[in-house]
Amino acid sequence: MEKTRIVVAGPRGRMGSEAVKLVERTEHYELVAVVDHKHGGKKLNELDGISSLPVPVYDNMTVCLTEVKADVLIDLTTPEIGMEHTRTALQLGVRPVVGTTGFTEENLRELEDLCKEKDLGCIIAPNFAVGAVLMMKFSQLAARYFPDVEIIELHHDQKLDAPSGTAVKTAQMISQVRTEKNQGHPNEKETLQGARGANFEGMHIHSVRLPGLIAHQQVMFGSNGQTLTIRHDSYNRESFMSGVKLAVDTVKNVNTLIYGLENIID
């Protein structure tokens with residue numbers, strides 16, 4: 001089998017370092033370069049504790065993808081950097097797999113147009129944990145019968161965005177089958193601003209940030225005399241790698257933008 005040549009952006013990050021390990025242990029993958037804004041010009045094996053592979057480290061995505069022949073970019077950085085990297089990759093003929101949340105609708109439209117122009121695939125997933133994707137799909141199914149729903153997402157205290165991309169994506173999926181409605185008492189009043197969380201088409205989303213957490217979400221449904229809770233927990237970042245691998249193997253065979261892993265899970 002011909003190897004898939006991969007560039008990883010953010011190899012020192014919690015997710016990026018796991019992606020490097022994924023590429024190393026997958027027989028039909030080849031790590032050809034990494035992009036790290038602090039260590040351009042070095043070799044990856046010179047960075048402590050990441051990898052023994054002597055692949056080049058670049059501090060500029062354009063230079064990297066111009067000098068190195070790559071098939072796929074795995075980007076697990078931040079929304080601003082991730083958008084820039086994804087745009088650059090598509091312009092240079094490389095298919096991006098992106099695990100960064102925070103993309104705007106305008107960002108997604110731009111990338112969708114670029115995919116069509118370049119006839120390339122791009123997969124962006126708010127959450128690469130297969131269990132989390134199933135949680136979203138199950139929640140969408142449940143919302144047909146339980147239209148009153150609240151989402152509670154819990155993450156580590158270093159997470160920058162709130163609510164999480166997974167929570168927003170879950171609400172968007174539920175909204176496809178749920179008629180917009182305001183929940184709770186019509187005269188409800190917050191005595192402390194924000195007590196009821198964010199409001200998405202009448203659904204409330206609550207964000208918890210604490211040390212010790214990784215990535216967790218529960219979707220709670222209520223109806224007369226019963227409740228239903230669907231919950232997913234990621235206890236380490238290795239839990240996301242099966243979804244990253246699925247996306248890398250899929251992106252080579254598509255020529256459009258796919259937003260959300262649920263669109264490639266049967």
Side-chain angles (χ1 to χ4, degrees), residues 4-11 13 15-16 19 22-23 32-37 58-130 132-133 136-137 159-173 175-176 200 240-241 243-265:
T4 301
R5 298 178 294 267
I6 296 174
V7 170
V8 173
M15 286 283 286
L22 170 69
V23 177
V32 294
V34 299
V35 176
D36 182 291
H37 71 283
Y58 289 85
D59 58 13
N60 183 284
M61 183 62 71
T62 301
V63 174
C64 175
L65 298 184
T66 300
E67 294 186 357
V68 174
K69 184 173 178 57
D71 302 306
V72 175
L73 166 68
I74 299 176
D75 188 283
L76 303 165
T77 57
T78 64
E80 296 79 11
I81 296 172
M83 178 62 190
E84 180 182 339
H85 286 175
T86 304
R87 183 191 294 118
T88 299
L90 289 169
Q91 290 170 340
L92 294 176
V94 177
R95 298 168 184 262
V97 168
V98 186
T100 305
T101 62
F103 283 87
T104 66
E105 290 296 324
E106 184 179 355
N107 291 153
L108 296 175
R109 285 194 297 270
E110 177 187 342
L111 295 176
E112 184 175 26
D113 290 342
L114 197 52
C115 285
K116 291 178 181 178
E117 176 188 338
K118 298 294 184 179
D119 195 33
L120 291 171
C122 172
I123 296 177
I124 300 174
N127 196 318
F128 275 116
V130 172
V133 175
M136 290 188 277
K137 292 176 76 77
K159 186 170 178 59
L160 297 176
D161 56 322
S164 69
T166 299
V168 174
K169 181 66 176 177
T170 303
Q172 291 171 339
M173 291 175 63
S175 72
Q176 295 172 9
F200 185 97
F240 302 109
M241 291 304 111
V244 173
K245 183 176 184 297
L246 175 62
V248 170
D249 292 339
T250 301
V251 77
K252 297 184 298 180
N253 301 313
V254 298
N255 58 357
T256 187
L257 173 69
I258 296 175
Y259 181 67
L261 206 65
E262 72 280 359
N263 294 301
I264 60 175
I265 291 180

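Here Asn253 pairs with nothing under the side chain to side chain donor-acceptor pair (under 3.5 Å) rule; sequence neighbours left out. Every residue two or more places apart in sequence or in another chain that forms a side chain to side chain contact (heavy atoms under 4.5 Å, CB included) with Ile81 is listed here: Thr77, Thr78, His85. Not a single side chain to side chain donor-acceptor pair (under 3.5 Å) links Glu106 to another residue, sequence neighbours left out. Thr256 pairs by the side chain to side chain contact (heavy atoms under 4.5 Å, CB included) definition with Ile258, not counting sequence neighbours. Residues passing the salt bridge (Lys or Arg N to Asp or Glu O under 4.0 Å) test with Asp113, sequence neighbours excluded: none. Under the salt bridge (Lys or Arg N to Asp or Glu O under 4.0 Å) criterion, Asp59 pairs with no residue at all, not counting sequence neighbours. Residues satisfying the side chain to side chain contact (heavy atoms under 4.5 Å, CB included) test with Pro163, not counting sequence neighbours, are Glu153, Ala167, Val168, Ile205, Ser207. With sequence neighbours left out, the side chain to side chain donor-acceptor pair (under 3.5 Å) criterion links Lys159 to Asp161. Partners of Lys169 according to the salt bridge (Lys or Arg N to Asp or Glu O under 4.0 Å) rule, which considers only residues two or more places apart in sequence or in another chain, are Glu262. Scanning for side chain to side chain donor-acceptor pair (under 3.5 Å) contacts around Thr166 gives Asn127, with sequence neighbours left out.
The backbone N or O of Tyr259 lies less than 3.5 Å from a partner atom in the side chain of Asn263, making a donor-acceptor pair. Under the 3.5 Å distance criterion, the side-chain polar atoms of Thr250 are left unmatched by any main-chain donor or acceptor of Ala247.
In this structure, the side chains of Ile124 and Leu257 come closer than 4.5 Å at one or more pairs of heavy atoms. Inter-residue side-chain proximity for Leu73 and Val97 is flagged as unmet; no heavy-atom pair is nearer than 4.5 Å. With a 4.5 Å cut-off on side-chain heavy atoms, Phe240 and Leu76 do not count as touching. You'll find the side chain of Leu246 stays beyond 4.5 Å of the side chain of Phe128, heavy atoms only. For the pair Asn255/Leu120, no side-chain contact is recorded, criterion being any heavy-atom separation below 4.5 Å from C-beta on. With contacts defined as side-chain heavy-atom distances shorter than 4.5 Å, the pair Ser175/Phe200 qualifies. Contact annotation: the side chain of Leu22 approaches that of Val244 to within less than 4.5 Å [non-hydrogen atoms, C-beta and beyond]. Proximity of Val7 to Val34: side-chain heavy atoms (C-beta onward) are nowhere separated by under 4.5 Å.
Screening residues 69-98 for salt bridge (charged side-chain N to carboxylate O under 4.0 Å, His left out) gives Arg5-Asp71, Arg87-Glu110 as the qualifying pairs, with residues at least two apart or on separate chains. For residues 245-261, the salt bridge (charged side-chain N to carboxylate O under 4.0 Å, His left out) pairs, not counting sequence neighbours, are Lys245-Asp249.
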(request) Start with the C-alpha gap between Met61 and His37, add the side-chain angles, then the distance that decides, and say whether side-chain contact (heavy atoms from CB on, under 4.5 Å) holds. (result) CA-CA 9 Å; Met61 183 62 71; His37 71 283; over 6 Å; no

(request) Could you go through the side-chain contact (heavy atoms from CB on, under 4.5 Å) check for Val248 and Ile74 one step at a time? (result) CA-CA 8 Å; Val248 170; Ile74 299 176; 3.9 Å; yes

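To the nearest 0.5 angstrom, Thr104 atom OG1 is 3.0 Å from Asn107 atom CG. Summarising the geometry, atom CG belonging to Leu65 is positioned 11.0 Å from atom CD belonging to Gln91; distances are rounded to the nearest 0.5 Å. Annotation: the span from Leu90 atom CG to Cys122 atom SG amounts to 5.0 Å, rounded to 0.5 Å.
Closest approach of Pro11 to Val35, counting heavy atoms only: CD-O, 3.2 Å. Among all heavy-atom pairs drawn from Ala19 and Val8, the shortest one is CB-CG1, 4.2 Å. The two residues Pro126 and Gly260 have their closest heavy-atom pair at CD-CA, 4.2 Å. Closest of all the heavy-atom pairs between Val68 and Ala33 is CG2-CB, 4.1 Å.
Donor-acceptor pairing under 3.5 Å is recorded for the side chains of Tyr58 and Glu67.
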